[in-house]
Each structure stands twice: as C-alpha cells, then as structure tokens.
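Here is the naming used below: chain letters follow the sequence lines, and residue numbers restart at 1 for every chain. Just so you know, these numbers come straight off a predicted model, no measurement behind them.
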Amino acid sequence: MENVELAAALDEVADLLEIQGANPFRVRAYRNAARFVRGYSTPLRKLVAEGRDLTELPTIGADMAKYLAELCQTGKLAVLEQLRSQVPPGLVEITQLPGVGPKRAQALWKELQITDLEQLRQAALAGRVAALRGFGDKTQQKILQAIERRAGQQKRFLLADADQIAAALREHMAQAPGVDRLEMAGSWRRRKETVGDLDLLVTAAEPGPVMDHFTRWPSVAEVVQKGTTRTTVRLRSGMQVDLRVVEPAAFGAALCYFTGSKEHNIRMRQRALERGLRISEYGVFELLEGEGGERREGRRVAGATEQEVYAAVGLPWIPPELREDRGELEAAERGELPALVELGDIRGDLQMHTRWSDGKNTLAEMVAACLARGYAYMAVTDHSPSLAMTGGLDPAKLRRQWQEIERVAADYPKIRILKSMEIDIRRDGSLDLADELLEQLDVVLVSIHSYLELGMAEQTRRVLKALEHPRVHILAHPTGRRLGQREPMQLDMDEVLHCAREHGVAVEANAQPERLDLNDVHLFRARELGVKVVISTDAHSTADLDLMRYGVAQARRAWLTPKHVLNTLPPGRFLQALRRRR
DNA sequence: GCCGTTTTCGGCCCGACTGTTTTCAGTCG
C-alpha cells in the first residue's frame, strides 16, 4: 500500500469521525497524519517491513503507527470498516458541498434520514431541508444549486491554466481605483501542480470601489460573497477567486497568511505564541497579560513585509514553494534553507521533439529557439520506431536525422546539439533501439508509452531492467501520469530511485503542465537518495520550450538546488556527469 | 489522537462572512 493510499484511509477516518461529532482535535490528528503521510517521500510500507518505529515520525503516535502497520500488512483498517458501518459513506460527499459541513450533514442524516446526494436533492426539492433547525430557504437553495453543478465545481486547474487566468485578473485589477500593491497568493504562489482557486491581495485606500471593480470583471459568472475586506466570485471557467483588500502596514502579514499553506501558517502562529506574539493577517502583535490572566493584543511589531513577519519569529524569509510544513521552519531556524534552483540556472533542455517525429517545428527552428533562451546545449529526442503514430524514427531515418543535425550544428556553433532519442521501453524492459545505434547517441533517454496498466511488480521489473542497460542516461516522465486524465503507473518508485542511483541514471522532472513527472514528493525523495535529476520540457514546438519554468517550480518545491540538477552544468561537465555510471 | 525547556494532563491558529438568529453557530480559507 502506497503512502497516498494510506493517507486516503486516514482522511476517510477523519471524515467519518467528524460527521459522528467526534472530538475535533482527534479528527485533526487523523488529518495531520494523513497530510504528513501524503507528502512523505519514503514509502511507509518499507519502514513497516523493516520493523521501524513509526512513532518517531511527526504526527504519528502510538495509535497511528498501529493503524499504518495494519494497513500496510493487511490492506485494511478495522477502525475504518467499523466507522463505515456506523456512518453512511455517502454523507462524506454531502459534507463536500459548499455550505454543508459535518454538523449540517449530521442533522440531515439524523432528522431526515438522508444518506446520499440524491436523497438530499429530493428532500431539498420537497422543501424539507429548509424546515430543519439551522437551515433555511437560502441554505436549501444553495444546496440544490451546489448539487446541480457539482461536477464542474470540484475540479482543480492545472497550474499553467491558472497562470493564464491569473494574468488576465491581474491586468483587470491593476486598473481598479486606488489600487497600490497587488499580489497573487495561495497555492498559485506556492506553485502547486494544480490550483483550486486564486487568492488576490491588494492594498487600497478604500476597499469599496476595488470590490466593485472586481465583481464587474467580465469573466465573473457569480458573486459568491461580498464584504469590505473579502469578496469571493466564481468565474465562467469555474475558477473561484478571492479578493482581499488590506492596509499597506499589514500587506506582508496578509501575504504570508493567504499564501499558506495552512499547515505552514499554523506552525508560524504556534511559534509566535511561544514568543509571546500573535500572528494574524493583520500583522504580528505583542500579547499582553491582562488583569484576570487573559491575554490581549498589544502593539503591532511587524506586518508590512513578509521578511518582517518571519524576522519577528526569529526566522529568515522562506520561499513560498517551501511553505508546506515539510521541515522548512526547522531548516530556516538552523540557517539551512536550500538555495533553490532558478530558471536562469538551466543551461540546456534535454527532451524535445521536431518534425522528424511528432514535433511541430523543424530542427533548425528548435535550435534557434533554444539559443534564444540562452541555452548552451540541447538534446534532440524524437521518438523511437515502435511509436509509429508519432512517426518514430527507424534506424535509417535516425541516421538521416544525424546528418541534418550535423548540417544545422555548423550554422549554430554557440549551442551544442546532442544526438538523442526518446526510446520506448518495451513491455519486457528491452529498448526499442539496437545497441549499436544507442552507442552513437550522445544522450539516451528512455520512457514508457504503452502497457501503462501492468501490475506494480511487473511494471517495476520492466523499468528496472531498462535502467540496468549500460547505455541509458535518463528515465523520462517516470510515472506516465497526466493530471486530471490518467493516473500514474503502478510503480515502486523507491525501488526505481534506488536502482537509478545504483546505475547512475538521472530521473526527469518533466515540465509539461499536465505531466509534472516526477512530482515534488518523488523529486524530494530523489534528492534524499542522491539520484541525479534533469529538468526537461518535452517540447513539441518552440513555444513549449517556455514550459521549463513549471519543471523548475516543482524542483523548487522538492528543495532542489542547482547542484542536484544536471542541466545546470556547462556542456562539458554536464556530459561527464551524465555518463558517470557507478 | 498527538505532544511536551510551561511533560504524562491539558492544551491544540485565527478571523470573515452568511444565514438564521435575536446574540451566534456553522462554514470556510
């Protein structure tokens, strides 16, 4: 059982306990554990198999350790089975409706015997929901609307799509009356692979006109709520946007607060309390002891900038990509925050396609585009023959491509064009190109495009076999996932990463917005194990070369510095490092 | 249920908005 599955089980326990009305702190304990497990880079099943003491991990106490071991060893969790028999699982879906939380879900269940969305819809249509205590006509109406459009509203957006909406929003809001500063916060700023909503933060003398300007944006489909400090709208695209207006003296505190993550903020506030301070979106305040021992807020000691807020609790500024409570506060405390890799550090792109296979641009166009981006080298990685539908290159065609590479190279002496190929890993783990040709390539990139649904054992063996081939340099988009479209392959990633390290093979951080493969958690694990990483765009056009920033963003979320990323090296050292096998 | 130079009990982050209420609970981020 993989970490994400363990986390899902713990989250479901939390959901069901919450509907039961359990102690909220107990519920939180399950959620904290689930969140930790989901983001933890080492598979817990391995630690369990080794008999390690899981209670040494944060958020895991005696009970959680027992449950995790049970899940790893049996695939089941008795506590969860029991809860499912006590609480109808359909209620969980009901709590996911906006405006319906555990309390109302429980009322619907106990008072009206409602256990799923369809029953709720019927009850609401019949007007029985509005009659419940704590509900009313408006709530009933909202519930109905939420059920009707449920499919559209749950989705998360690819980071690249969110970027487009964010840019348009920024342009509109920059023209709002009296707007001074304007920043996008939230998971967008932390560069998460998908974004659920956008948080826009502005400073303005008067909030009213700014809120009005915001709700008049043509892309707005519905104003969800509107106040003097916060307004929420839903766009025609389905994206929800929150606008907050704050005073300049609180801008940094608000930016921290709305950037999150929630867990990072909680740790920051706890840290503040330990120092006799209180952090809110309005600033960092002294806490004074009142007459009766109660604590009241004193003067504001920080708030205008993020740097100030962190400094107030004795920390350096922490890059947004790290704010996930994955050890960044501790690292900041020790003065060991990583100097994260930046787009400008990248010296070459190592996966791209041309018209020789399924790319849209010619080789010469791709070379000129790479040069324009300041790269010192690039790898031309058209597909191998078995991917017929992409126009994969057979040996004869490959040799003709080499001739063209040599011709084009003569015209572009400032960039090194590396002969390469994205070679398909066949079902049995063998490679879709003869050894004799592999030997003539500068860079050998391998990846899987077929039989994605094999079981974990077989799929893992297949990849390991490919990595053991002495000519292989890079494993591209290792899990094959496509966000929102295709689940990752069943793959024992820890085995794969260990094997990659053993054989000196680099793993790719594919920058395609719907791939981002490996993801941040796997890249973090690669870094821990000392596996080499390359960041590549997998470009199919010159424009795609600009996707590099999405790969870099995920690498940053994985704490990678330039020294972890091979394609930050100059050409000579890059090739040396790439070919160093162990 | 977790956690501890405020340790084995008693805490556990903070504020805005809405709707249903007559002073606040529920939900959300």
Side-chain angles (χ1 to χ4, degrees), chain A residues 10 13-14 17-19 21-36 54-68 79 94-108 129-143 146 185-188 195-201 207 211 223-233 240-246 250 253-254 256-285 287 289 293 295 297 313 325:
Chain A
L10 296 182
V13 171
L17 280 174
E18 201 167 35
I19 295 167
N23 175 353
F25 296 108
R26 189 177 161 216
V27 174
R28 185 188 295 178
Y30 281 95
R31 295 216 190 282
N32 286 343
R35 204 190 62 82
F36 167 75
L54 298 185
T55 64
E56 288 169 6
L57 300 170
T59 74
I60 310 297
D63 287 330
M64 293 296 167
K66 204 175 65 191
Y67 297 152
L68 289 167
V79 177
I94 289 176
T95 63
Q96 284 159 1
L97 295 172
V100 184
K103 295 288 194 302
R104 285 180 175 151
Q106 190 183 42
L108 291 165
V129 172
L132 282 180
R133 182 175 178 75
F135 292 74
D137 282 335
K138 285 200 168 181
T139 305
Q140 178 170 268
Q141 203 53 39
K142 278 194 154 184
I143 286 174
S187 55
W188 180 87
V195 172
D197 57 15
L198 291 175
D199 298 281
L200 176 64
L201 193 62
M211 297 301 188
V223 178
V224 178
Q225 61 176 28
K226 191 172 177 187
T228 53
T229 61
R230 181 168 114 198
T231 292
T232 302
V233 303
Q240 187 167 303
V241 185
D242 282 356
L243 170 65
R244 335 259 178 157
V245 179
V246 299
C256 277
Y257 183 76
F258 296 121
T259 297
S261 65
K262 190 166 156 233
E263 293 75 16
H264 177 88
N265 288 348
I266 289 172
R267 292 288 311 280
M268 284 288 286
R269 289 208 201 95
Q270 283 168 341
R271 198 178 160 88
L273 287 173
E274 290 161 11
R275 287 164 173 72
L277 300 168
R278 166 178 286 159
I279 296 182
S280 75
E281 57 263 54
Y282 298 107
V284 184
F285 298 89
L287 275 183
E289 203 73 28
R295 306 173 103 184
E297 216 160 74
V313 293
D325 189 23

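Nucleotides B/dT22 and B/dC14 have their P atoms positioned 29 Å apart, rounded to a whole Å. Rounded to the nearest Å, the gap between the P atom of B/dG15 and that of B/dC9 is 32 Å. The separation of B/dC17 from B/dC12, taken at their C1' atoms, amounts to 25 Å, rounded to a whole angstrom. B/dT18 and B/dT23 are spaced 15 Å apart, taking the C1' atom of each and rounding to whole Å. On the C1' atoms, B/dG4 is 9 Å away from B/dT8, given to the nearest whole Å. Here the separation of B/dT27 from B/dT21, taken at their P atoms, is 14 Å to the nearest Å. Rounded to whole Å, the separation between the C1' atoms of B/dG11 and B/dT6 comes to 11 Å.
Checking A/Gly134 against A/Gln270, the closest nucleotide of DNA chain B that is more toward the 5' end is the one next to A/Gln270. Take the nearest nucleotide of DNA chain B for A/Gln240 and for A/Thr59: the residue whose nucleotide is more 5' is A/Thr59.
Checked by atom type and distance alone, the side chain of A/Asp199 never pairs as donor or acceptor with a backbone atom of A/Asp242 at under 3.5 Å. Listed for the A/Gln140 side chain is a donor-acceptor partner under 3.5 Å among the backbone atoms of A/Val129. The main-chain N or O of A/Glu263 is never found under 3.5 Å from a side-chain atom of A/Arg267 such that the two would form a donor-acceptor pair.
Here A/Glu274 lies out of heavy-atom contact (under 4.0 Å) with every strand. Across all strands, A/Met64 comes closer than 4.0 Å only to sugar-phosphate atoms, never to a base (heavy-atom distances). Residue contacts for A/Asp137: at a heavy-atom cut-off of 4.0 Å it reaches the sugar-phosphate backbone alone, with no base atom in range. Across all strands, A/Lys262 comes closer than 4.0 Å to base atoms (heavy-atom distances). Across all strands shown, A/Ala272 has no heavy atoms under 4.0 Å from either base or sugar-phosphate atoms. A/Arg267 comes within contact range of no nucleotide atom at all, as no heavy-atom separation falls under 4.0 Å. Across all strands, A/Thr228 comes closer than 4.0 Å only to sugar-phosphate atoms, never to a base (heavy-atom distances). Within the 4.0 angstrom heavy-atom criterion, no nucleotide atom of any strand lies near A/Pro24.
Residue A/Arg230 places its side chain closer to B/dC17 than to any other of B/dC17, B/dG19, B/dC12. The side chain of A/Lys138 approaches B/dG19 more closely than any other nucleotide in the set B/dG29, B/dT27, B/dG19. When each of B/dC14, B/dA16, B/dG1 is scored by its nearest atom to the side-chain atoms of A/Asp63, the top-ranked nucleotide is B/dG1. Of the listed nucleotides (B/dA16, B/dT18, B/dC14), B/dA16 has the atom at the smallest distance from the side chain of A/Thr229. Side-chain proximity of A/Arg104 to B/dT18, B/dG26, B/dG15: nearest is B/dG26. Proximity note for A/Tyr282 (side chain, C-beta onward) versus B/dA16, B/dC2, B/dC14: the nearest is B/dA16. Here the side chain of A/Lys103 is nearest to one of B/dC12, B/dG15, B/dG26, namely B/dG26. Which of B/dC12, B/dC28, B/dG15 sits closest to the side chain of A/Arg28 comes down to B/dC12.
Here the CH2 atom belonging to A/Trp188 is positioned 10.0 Å from the OG1 atom belonging to A/Thr259, to the nearest 0.5 angstrom.
When all heavy atoms of A/Ala33 and A/Met64 are compared, the closest pair comes out as CB-SD, 3.9 Å. Here the closest non-hydrogen pair linking A/Ala105 and A/Ile94 is CB-CG2, 4.3 Å. Between A/Ser280 and A/Ala253, the shortest heavy-atom distance links the atoms O-CB, 3.7 Å.
Within 3.5 Å, a donor on the side chain of A/Tyr257 pairs with an acceptor on the base of B/dG29, or the reverse. Counting distance only, with no hydrogens placed and no angle test, the side-chain atoms of A/Asp242 and the base atoms of B/dG29 include no donor-acceptor pair under 3.5 Å.
The distance from atom CZ of A/Arg133 to atom P of B/dC24 is 14 Å, rounded to the nearest whole Å. B/dC2 atom C1' lies 14 Å from atom NZ of A/Lys66, rounded to whole Å. At whole-Å resolution of the value, CG in A/Asp199 and C1' in B/dC28 are 12 Å apart. If you take CG of A/Leu132 and P of B/dT20, they are 12 Å apart, rounded to a whole angstrom. One interatomic measurement links the two molecules: OH of A/Tyr67 to P of B/dC2, which rounds to 8 Å at whole-angstrom precision. Here B/dG15 presents its C1' atom at 12 Å from CG of A/Asn265, a figure rounded to the nearest Å. Atom OH of A/Tyr30 and atom P of B/dG1 are 4 Å apart (whole Å). Remark: P of B/dC28 and CD of A/Gln96 are 10 Å apart, rounded to the nearest angstrom.
In this structure, A/Arg278 reaches the B/dC14 phosphate: one of its side-chain N or O atoms is under 4.0 Å from OP1 or OP2. Of the side-chain N and O atoms in A/Thr139, one or more sit less than 4.0 angstrom from OP1 or OP2 of B/dT20.
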### Message
Run A/Glu18 and A/Arg31 through salt bridge (Lys or Arg N to Asp or Glu O under 4.0 Å) and show every step you take.
### Response
CA-CA 11 Å; A/Glu18 201 167 35; A/Arg31 295 216 190 282; 2.9 Å; yes
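Base pairing of B/dT8: no nucleotide in any strand meets the Watson-Crick or G-U wobble criterion (both distances under 3.5 Å).
For B/dT20, the base adopts the anti conformation, since its glycosidic angle falls more than 90 degrees from zero.
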